[in-house]
Peer 1: 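Below you will find the structure I want to go over with you.
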Amino acid sequence: MDQRSPPARPLRRQLDSIILHFDYDCFYAAVFESETPEFRSLPLAVQQKQIIVTCNYEARRRGLSKLQLIKDAKKVCPDVVIVLGEDLTRFRNASKHLYAFLTSFSWNNRAERLGFDEVFMDVSDMIEYNAGLLNPNDLANSYFCLSKNDPTAGFAYDASQVAGHTYPESSTDISGASPDAQRLQMHLRLASHLAKHLRQQLESEKGYTCTVGVSTNKLLSKLVGNVHKPDSQTTLLPPYTTDDDEFDNVASFLDGHEIGKIPGIGFKIAQKLRAHVLQRVPKIDAGLVYGGTKEVVLVGHVRRHPGIGPETLERILEGPGTPHGIGGKIWGLLNGCDDTEVGLAREVPKQISIEDSYTRLNTLGEVVKELRLLSESLLKRMHADLLEEEEDVETTEHVTATDKIGKRWVAYPKTIRLSTRPRLPQNPDGSRNRSFARISRSAPMPNFVFNLKESIELLSSRLVSESLIPLFRKLHPEKSGWNLSLVNIAATNMVDTASEKGGAGRDISKMFKRQDEVLKQWRVEEGNESAEMDEDGMEAYPSRQASAMRESSRGGSEDVPTPSQEDSVGNDGKWESEDEDAMNEGDTFMCEQCGAAMPIYAMAAHSRWHIQG
DNA sequence: ATGTTTTAG
DNA sequence: GCTTCTAAAACAT
């Protein structure tokens, strides 16, 4: 559970898990190709501001590349088709759709999205099960079951061979190796066939090609996938021994990688590692701000460096802000060990943010205009990602205005944050230093943004004047003199509301009954002055629900998340003015049946509680 | 709880 | 004259 084990973690590779890593080929371009199939045969590039963020393989064949300036791209390839990709909505939607498709094959729901275009899947259970089904005397005619219940769901395959590419290209003979090693080899082989099947399904059903890596942990499956791309897959073959470098495919595979290529080793850590093995400050590649170095230091160089080990690494890397135990973690990565689990499928994001960048933004008027645009996008995103159809028709027919709208909030953000990236003032010599540092201020999310009856335009304009402008003044107290290169607004501090859908295949109906009993206890107490939820009452109902409810009970009303604004006064006192009307005017609503006060997003759940109880 | 840093795609 | 637009996690306060 707790992944941070103190300095010395044992150097153990997990050999019992099988992890697939999917990476959709040039994803942004593929989304446009999916919408407009004619693009498939043309050189296609996706533009954001002044650069190409990605391009299809036809464009790459003609010399285009990621993060290239538009004008350079046009020089290299004048007939390139350029599409604008600053609005990420279509990519986000496609990503969710493909993720849902892949997840539908999972038995354990351990499928984790990384960005829009990558998915890790822990398929250990499917592999284990199918390994048990093999007939050792006729491996060539095997059948892979995709469902334990439905024996017709699956595909035929040849379990005597690996599907797709391998690293290394030809397999080493391990017929004399331990039973564990033989078992691992068979598991990886099965996984390669599963990967191939999933790739074929993704292409035939959804029209997307991808690149897959097959190994025993996230680190290795992700890295090995890169060996052959696009539209391809690579399996990291055993032996995965930990003790003998000469016969360890993991070590020989990793040793050739530049250290900065290892996921988890970013620019900062990589620089410190380079400095240590080179015994001097590594040069940075001018022109590129981040990610560029002329000094090539490989994993093997660091791993074999005299005196290296988790403790040394901890000492090299330590400093303000560096996580405790980083030395052990990096030592693990250099040795192919990564015990981080593939996360459970997440229903809602933890934060939603919208940003735009500018070459010049230095007047308050323009800032207000931009904040309005960003706020509208943010509220639209909140509606798209945090709202769910009220599928229960019986309750919909009862009472309340929120139910009539037919949607409810599955999660709500408690905090709004404004970030900017100021452009640095000019140096005496007229030049300008580049900085990508951001500064931010945050405040409670006002409840009115959850009102589904008001227009987005009105709500965002209110959000700008009542929350974002005050935050902006905190960030930039001076009237002028600043110039912003970026503005970001974010809805953070996300709290899930109790949901029928719940996470990850739990028995939600049972959970709801218990919750109702808790709520009844609370209601009985409600008439009293001492009507505060007490901890002991909660302890009778252990686990996730209890803590989730405890979390939301501080407002005094159970089903009802804390009204975030009323109790914390804005420092300037100004943006608080409409106190009198708050009850009727959009912030807080009162239940007609029991008189409980709550924000609008809580009403649907609250009325359902009345009906069921 | 709020703000910053690092990493990642 | 110019590097996009996000998301998560962990640290520091």
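Letters A, B, ... mirror the listed sequences (proteins, then strands); counts begin at 1. Because the structure is a prediction, the values reported are computed rather than measured.
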Peer 1: Do R113(A) and S95(A) have side-chain N/O donor and acceptor atoms under 3.5 Å apart?
Peer 2: yes

Peer 1: Please say which of R438(A), R423(A), R421(A) ends up in a side-chain hydrogen bond (donor to acceptor under 3.5 Å, both in side chains) with S485(A).
Peer 2: R421(A)

Peer 1: What is the distance from CZ of R92(A) to C1' of dT6(C), rounded to the nearest Å?
Peer 2: 8 Å

Peer 1: Taking side-chain contact (heavy atoms from CB on, under 4.5 Å) as the test, write out the residues that go with E86(A), two or more places apart.
Peer 2: Q48(A), K49(A), L84(A)

Peer 1: Does a side-chain N or O of S353(A) approach OP1 or OP2 of dA7(C) to a distance below 4.0 Å, or not?
Peer 2: yes

Peer 1: Nearest of dA8(B), dA9(C), dT4(B) to any side-chain atom of K222(A)?
Peer 2: dA8(B)

Peer 1: Side chain of I439(A): nearest nucleotide among dC5(C), dA9(C), dT4(B)?
Peer 2: dT4(B)

Peer 1: Looking at the side chain of D356(A), which of dC5(C), dA7(C), dG9(B) is the nearest nucleotide?
Peer 2: dC5(C)

Peer 1: Under 4.0 Å from OP1 or OP2 of dC5(C): is there any side-chain N or O of R381(A) that close?
Peer 2: no

Peer 1: Grab the NZ-C1' distance between K71(A) and dT3(C) for me, whole Å please.
Peer 2: 13 Å

Peer 1: Could you work out which one of dG9(B), dT4(B), dT2(B) sits closest to the side chain of E118(A)?
Peer 2: dG9(B)

Peer 1: Should the pair D231(A)-R199(A) be classified as a salt bridge under the 4.0 Å nitrogen-to-oxygen rule?
Peer 2: yes

Peer 1: Base, sugar-phosphate alone, or nothing: which one does R441(A) contact when heavy atoms must sit under 4.0 Å apart?
Peer 2: sugar-phosphate

Peer 1: Near DNA chain B, which residues from residues 82-89 of chain A have a heavy atom under 4.0 Å away?
Peer 2: none

Peer 1: Need to verify one output field. Residue with the more 5' nearest nucleotide on DNA chain C, F116(A) or T359(A)?
Peer 2: T359(A)

Peer 1: Applying side-chain contact (heavy atoms from CB on, under 4.5 Å), can you list everything that pairs with S377(A), at least two apart in sequence or on another chain?
Peer 2: I354(A)

Peer 1: Please confirm whether the shortest side-chain N or O distance from S440(A) to OP1 or OP2 of dG3(B) is below 4.0 Å.
Peer 2: no

Peer 1: What class does the angle between the rings of H476(A) and F472(A) fall in, given that below 30° is parallel, 30 to 60° is tilted and above 60° is perpendicular?
Peer 2: tilted

Peer 1: According to a strict under-4.0 Å criterion, is S357(A) in side-chain N/O contact with OP1 or OP2 of dC5(C)?
Peer 2: yes

Peer 1: With respect to the phosphate group of dC2(C), does any side-chain polar atom (N or O) of K49(A) fall under 4.0 Å of OP1 or OP2?
Peer 2: no

Peer 1: Is the phosphate of dA7(C), meaning OP1 or OP2, less than 4.0 Å from a side-chain N or O of K350(A)?
Peer 2: no

Peer 1: Would you mind telling me which of dT3(C), dT7(B), dG1(C) lies closest to the side-chain atoms of I51(A)?
Peer 2: dT3(C)

Peer 1: When the aromatic ring centroids of F39(A) and F32(A) are compared, is their separation below 6.0 Å?
Peer 2: no

Peer 1: Calculate the interatomic distance between L67(A) atom CG and dA8(B) atom C1'; express it in whole Å.
Peer 2: 13 Å

Peer 1: If you look at every strand shown and take non-hydrogen atoms under 4.0 Å, does I269(A) touch a base, only sugar-phosphate, or nothing?
Peer 2: sugar-phosphate

